[in-house]
There are 2 protein chains.
Amino acid sequence: MTKMILSDCSSSTTSRLLPLTSHKFLRISHSRNVHFSLIPSISRVSFPSLSLRPHASSSTLISAKMAADSVAKIIDGKSVARQIREEVAAEITRMKEAIGVIPGLAVILVGDRKDSATYVRNKKKACEAAGINSYEVHLPETSTEEEVLNSISKFNEDPSVHGILVQLPLPSHINEEKMLNAVGIEKDVDGFHPLNIGRLAMRGREPLFVPCTPKGCIELLHRYGVQIKGKKAVVIGRSNIVGMPAALLLQREDATVTIVHSRTKNPEAITKEADIIISAVGQANMVRGSWIKPGAVIIDVGINPIDDPESARGYRLVGDVCYEEAVTVASAITPVPGGVGPMTIAMLLSNTLSSAKRVHGFH
Amino acid sequence: MTKMILSDCSSSTTSRLLPLTSHKFLRISHSRNVHFSLIPSISRVSFPSLSLRPHASSSTLISAKMAADSVAKIIDGKSVARQIREEVAAEITRMKEAIGVIPGLAVILVGDRKDSATYVRNKKKACEAAGINSYEVHLPETSTEEEVLNSISKFNEDPSVHGILVQLPLPSHINEEKMLNAVGIEKDVDGFHPLNIGRLAMRGREPLFVPCTPKGCIELLHRYGVQIKGKKAVVIGRSNIVGMPAALLLQREDATVTIVHSRTKNPEAITKEADIIISAVGQANMVRGSWIKPGAVIIDVGINPIDDPESARGYRLVGDVCYEEAVTVASAITPVPGGVGPMTIAMLLSNTLSSAKRVHGFH
């Protein structure tokens, strides 16, 4: 049985496109389901005194791997994200009552990708729940660059809009860089503008916004009292939207950061040195238990679909990290799903609130 | 005698402000002088076939530590910088003949710091030698921010100016960030604008300019045929003008990069893993021989004055790296002075030329 579970991860890394027998999947997905169903209760039991305040001083909260049960603490992103959304909603109520301002978030969706439509719908719902006005422009797949730029420009000028999102990916005939650069820097709630990234990289400069997913990763570390200063951190993946800004954020908090990427030789040995691992590479189960230093804290950004005939959808989602191996080595880990995922929208709401506060000088 | 030489570096790291006896200095500086006086001749002998072309394919040129003499090759920045300045001068002549355009560099100097005046004078001389028109505004120490901004704005609008430098440091009553941000992005030949830094950090984006000193470091690696891709690189120091952009540049060339800084625990062990070390920390002789992996390539950006009663000036310049120890371990090393130092102005001339070419669409 144990061997069968391990083969889940090993098959993914050696060749994740290898077809597996349905027999194997049956057992594997069963084992996974057990893990996932445990997550909410474990997290509730493990963090009875979790304060959920940023920069919690309880840096010893997660100190070392629990010798007793050899199972990592689960970093419950779903619950932290809910908490943040409640905090944002409370602040919005306070601002509305004090100065009558309601934050506004505009989303520009081009084309008919189903996944993009789902993301946009989720963002809209989250806005409504938090008390943020949401504005949406849905342009046809055949739109010209000029038409998209017109929409961006309209929102740039609209004082009731405090954040503008251009849903990616855009149709291939539209220049993504050009569109993102057109978003006014003071409404760039995604934090993707190079001016924001430049300020993030520079000491003594402050970005107006930090990209939502990496900001969510760091927020999870903060709220679980994980010390960053002086720690060795490895970020796996160097994308503009997660890996690179995550490395810059860790660096700003005085970690010693190494970025591991596709050209890195012996990524296993380098990753094994890390006290904190943020993986954002999009490769199912790539990080094995042998890559992890005992007691390390793992933030798994990957959300990778793998075939699963057991599931009604025909697939299930796993992270970049082989969860069932990592959980026996790490001191804390985010599950997939339910880890970093829910944090992204929470940070987007938080960025939109910050933007409205800044524009209106509300503290 | 050997012990005396070692004590030069050890005294600097344990406490570089410790007074040494003049007897020690006498011996030490003598030993140093021998090294320095050897540099030009060693470099000429060691690189008879040095092509001095960018991205030299001779990646085996510096492959491993020479077992025979156990002395690192000297990376002769002075000679490479001279070569680059000649290349720039030739291109300027070609452009002038083809389209009648002469590149222009404007320098704004505020106050009466002697070191700043020297730098500005050196830049002006280098411009003249390369055929670049140089413009200078010297404002009094008591200038207001508005007066400095006026000068910047005038040069921003002047089409004969292709690069603008604000000489740092500025008097303390002037906001440095505000001044640097005022320099038009297309004339930011220093590459310090956060928009340029952001583009440098992002994959698929191109900065208009790369900061001169880190660009000079990478250029030295290129021209000496040092392979960067897939190598482990450690950058010591995370300043906005050298360490951080140097790390971003190495990362763009597919090195696996770690930044070591003042909060890093056990910097020696981390540095010892590196195939390439760029040190830009400004601490005399901090990197000892024991920090260096045999065969590593060392780029030493530090230029640190240390007391030297032997010298007419009362001091001499040393790098961040303990040269006499490193030279027996590394496969190649930049001396101080004569390593990275001369590269900065060469890269500034190169950036100014690129700017003029870009504006006039000249290739």
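Only this structure's heavy atoms are used, side chains among them; waters, hydrogens and symmetry mates stay out.
For B:Ala255, the part lying near chain A is the backbone, with the side chain staying farther off; criterion is any non-hydrogen pair under 4.5 Å. Proximity to chain B (any heavy atom under 4.5 Å) is shown, for A:Asp254, by both the backbone and the side chain.
Annotation: residues 190-214 of chain A contacts chain B through A:Phe192, A:His193, A:Pro194, A:Leu195, A:Ile197, A:Gly198, A:Arg199, A:Ala201, A:Met202, A:Arg203, A:Gly204, A:Arg205 [non-hydrogen atoms, separation under 4.5 Å]. Heavy-atom neighbours of chain A within the stretch residues 162-173 of chain B, taken at a separation under 4.5 angstrom, are nonexistent. Contacts with chain A (heavy atom to heavy atom, under 4.5 Å) involve these residues of residues 257-276 of chain B, listed by number: B:Val257, B:Thr258, B:Ile259, B:His261, B:Arg263, B:Thr264, B:Lys265, B:Ile270.
When A:Lys232, A:Gln251, A:Lys229 are compared by the number of non-hydrogen pairs under 4.5 Å with chain B, A:Gln251 comes out ahead.
Scored by the side chain to side chain donor-acceptor pair (under 3.5 Å) test, A:Lys231 finds no partners at all (sequence neighbours excluded).
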